[in-house]
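Both ligands and their constituent atoms are indexed starting at 1 by order of listing. Quick caveat, the model's predicted, so the values are computed rather than measured. FYI, side chains are in, hydrogens and waters are out, and symmetry mates aren't considered; it's all heavy atoms of this structure.
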Amino acid sequence: MTQDVLVERHNGIQKITLNRPHKKNALTPEMNAAVADALASGEADRAVRVHVISGSGDSYCAGNDIGDFMKQNAGTADDAAVSRMIATFPLLEKPIIAAVGGVAVGVGATMLLHCDLVYASPAAVFSFPFLNLALVPEAGSSLLLPAMVGRHRAAALFLLGERMGAEEALKLGFVNEIVPQADLVTHAIAKAAILAAKPPGATKLVKMLLHGEAQPVINRMLEEGAHFRAQLKTDEAREAFSAFLEKRPADFSRFG
Ligand code: COA
């Protein structure tokens with residue numbers, strides 16, 4: 001079992017910590033599998049009433065590991081673990097709270113659209129640089145993000161790759177509150193404790209009603225996933241991944 005994801009359960013709260021701080025908590029397949037397993041097992045455990053997810057160090061999550069994307073481009077790895085992790089989110093019946101203490105990139109940002117409450121530190125920055133990587137939005141975010149922030153702001157985030165800071169995220173309703181970094185996880189746990197004391201059956205119903213039907217989100221995730229997997233294999237994506245790994249700007253001038 002990977003030490004890059006820590007899972008603790010106390011007083012009805014399952015706390016999941018992405019714990020690869022030297023890589024800004026970028027997700028490896030083992031981490032994606034561990035998060036999916038923790039969520040599934042927390043859902044099945046009557047003692048768990050609420051999930052809390054956060055990251056170690058100065059980041060929340062820098063998205064999927066681009067070295068792993070490179071392996072998928074070369075056909076030496078697949079996306080099974082991340083697909084399973086993403087697919088878990090819209091099916092969660094118990095509330096999930098995120099504490100975002102720094103960068104939230106790619107799937108690190110899109111997973112937040114499935115969370116019920118999101119608390120962020122002043123240093124939180126949200127970005128969706130799929131297009132910069134020759135990829136497309138995933139996790140239902142092409143449906144959920146425009147619904148939350150408006151289509152034009154979503155276009156600037158998805159197409160231009162603009163970043164959204166904590167203040168803007170608060171203004172747009174993407175996060176609930178900005179909390180000082182030192183208090184962030186404690187604050188999220190305190191909110192989780194409030195939820196853990198609520199009647200569990202009614203809590204699930206309120207969550208379900210708030211999110212609305214899961215099927216349109218799942219359908220969009222499947223549509224996004226097909227394009228994402230196809231794009232991962234392209235030459236333009238290989239150029240984008242190589243550029244990141246070689247710490248140079250990408251050059252797409254020879255494509256098209
Ligand atoms: N995959 C693989 N490695 C990653 C990573 C990712 N998604 N995100 C960060 N890292 C690594 C960096 O390569 C660096 O490794 P090194 O120390 O061995 O060189 C380390 O984590 C620290 O990152 P660094 O870029 O030096 O930190 P920063 O504070 O300057 O920038 C980010 C942080 C998250 C803005 C930047 O790392 C980034 O843009 N990462 C890519 C995010 C991304 O595109 N994710 C996929 C979305 S689909």
Side-chain angles (χ1 to χ4, degrees), residues 2 4-5 18-35 54-74 76-87 89 98 100-114 120-142 144-145 154 156-166 168-169 181 221 224-234 236-252:
T2 177
D4 292 346
V5 174
L18 308 175
N19 184 40
R20 199 180 170 222
H22 62 291
K23 294 289 182 185
K24 306 285 173 186
N25 301 321
L27 295 166
T28 60
E30 294 73 24
M31 292 170 74
N32 281 310
V35 172
S54 66
S56 291
D58 64 0
S59 308
Y60 176 68
C61 172
N64 274 301
D65 191 292
I66 293 176
D68 192 60
F69 278 163
M70 194 58 145
K71 288 185 198 155
Q72 293 183 47
N73 179 277
T76 56
D78 63 35
D79 70 333
V82 64
S83 293
R84 182 161 71 88
M85 194 271 285
I86 290 171
F89 275 89
V100 181
V103 288
V105 188
V107 73
T110 57
M111 71 166 77
L112 302 173
L113 292 160
H114 298 274
S121 78
V125 181
F126 305 87
S127 67
F128 307 82
F130 301 104
L131 182 53
N132 294 347
L133 292 170
L135 298 173
V136 300
E138 35 73 310
S141 59
S142 63
L144 297 172
L145 188 68
L157 295 165
F158 280 145
L159 289 172
L160 299 176
E162 288 182 3
R163 295 161 161 227
M164 175 167 65
E168 184 192 356
Q181 180 78 30
M221 281 172 53
E224 292 167 345
H227 293 301
F228 196 101
R229 276 190 294 281
Q231 277 300 121
L232 267 171
K233 307 272 190 204
T234 60
E236 59 185 23
R238 186 164 56 252
E239 163 59 15
F241 306 153
S242 307
F244 175 79
L245 296 171
E246 293 162 13
K247 299 186 190 294
R248 62 169 172 83
D251 175 5
F252 300 113

*Asks:* In terms of residue, atom name and distance, what is the protein heavy atom nearest to atom 46 (C) of ligand 1?
*Replies:* Leu133 CD1, 3.7 Å
*Asks:* When only distance counts, is Ile66 in polar contact with ligand 1, meaning an N/O pair under 3.5 Å?
*Replies:* yes
*Asks:* What protein heavy atom sits nearest atom 14 (C) of ligand 1, and how far away is it?
*Replies:* Lys247 NZ, 4.2 Å
*Asks:* Which option wins on minimum heavy-atom distance to atom 37 (O) of ligand 1: Tyr60, Phe228, Phe244?
*Replies:* Phe244
*Asks:* Counting C-beta onward and ignoring hydrogens, is there a side-chain heavy-atom pair between Leu131 and Leu159 closer than 4.5 Å?
*Replies:* yes
*Asks:* Hey, is Asp65 close enough to Arg20 for a salt bridge, meaning N to O under 4.0 Å?
*Replies:* yes
*Asks:* Out of curiosity, Asn25 CG to Asn19 CG, how far, rounded to the nearest 0.5 Å?
*Replies:* 7.0 Å
*Asks:* Does a side-chain heavy-atom distance below 4.5 Å link Val136 with Phe130?
*Replies:* no
*Asks:* Of all the non-hydrogen atoms in the protein, which one sits nearest to atom 6 (C) of ligand 1, and at what distance?
*Replies:* Ala26 CB, 3.5 Å
*Asks:* Counting heavy atoms not belonging to Arg163, are there more than 12 under 6.0 Å from its CZ?
*Replies:* no
*Asks:* For atom 34 (C) of ligand 1, what's the nearest protein heavy atom and its distance?
*Replies:* Ala62 CB, 3.7 Å
*Asks:* Answer yes if a protein heavy atom lies under 4.0 Å from atom 32 (C) of ligand 1, otherwise answer no.
*Replies:* no
*Asks:* Before accepting this row, confirm whether a basic side-chain N of the pair Arg248/Glu239 lies closer than 4.0 Å to the acidic partner's carboxylate O.
*Replies:* yes
*Asks:* Distance to 0.1 Å, residue and atom name: give those for the protein heavy atom nearest to atom 23 (O) of ligand 1.
*Replies:* Lys24 CG, 3.8 Å
*Asks:* Side chain, backbone, both or neither: which part of His22 comes within less than 4.0 Å of ligand 1 when only heavy atoms are counted?
*Replies:* backbone
*Asks:* Please write down residue, atom name and distance for the protein heavy atom closest to atom 9 (C) of ligand 1.
*Replies:* Lys23 O, 3.8 Å
*Asks:* If we count only non-hydrogen protein atoms and require a distance under 4.0 Å, does atom 21 (O) of ligand 1 qualify as touching the protein?
*Replies:* yes
*Asks:* Heavy atoms, side chains only, cut-off 4.5 Å: are Met85 and Met111 in contact?
*Replies:* yes
*Asks:* Between Phe126 and Leu145, is there a side-chain heavy-atom distance shorter than 4.5 Å?
*Replies:* no
*Asks:* Any side-chain heavy atom of Glu138 sitting closer than 4.5 Å to one from Met221?
*Replies:* no
*Asks:* Only heavy atoms of Pro129, strictly under 4.0 Å: list the atoms of ligand 1 that pass.
*Replies:* 44 (O)
*Asks:* How far is atom 35 (C) of ligand 1 from the closest protein heavy atom, and which atom is that?
*Replies:* Arg163 NH2, 3.4 Å
*Asks:* Any atoms of ligand 1 less than 4.0 Å from a non-hydrogen atom of Phe130? List them with their elements.
*Replies:* 48 (S)
*Asks:* Taking atom 16 (P) of ligand 1 as the reference point, report whether a protein heavy atom occurs under 4.0 Å from it.
*Replies:* yes
*Asks:* Between Asn64 and Asn32, do the side chains contain an N or O donor and an N or O acceptor separated by less than 3.5 Å?
*Replies:* yes
*Asks:* From atom 43 (C) of ligand 1, work out which of Asp65, Asn64, Val105, Asp68 has a heavy atom at the shortest distance.
*Replies:* Val105
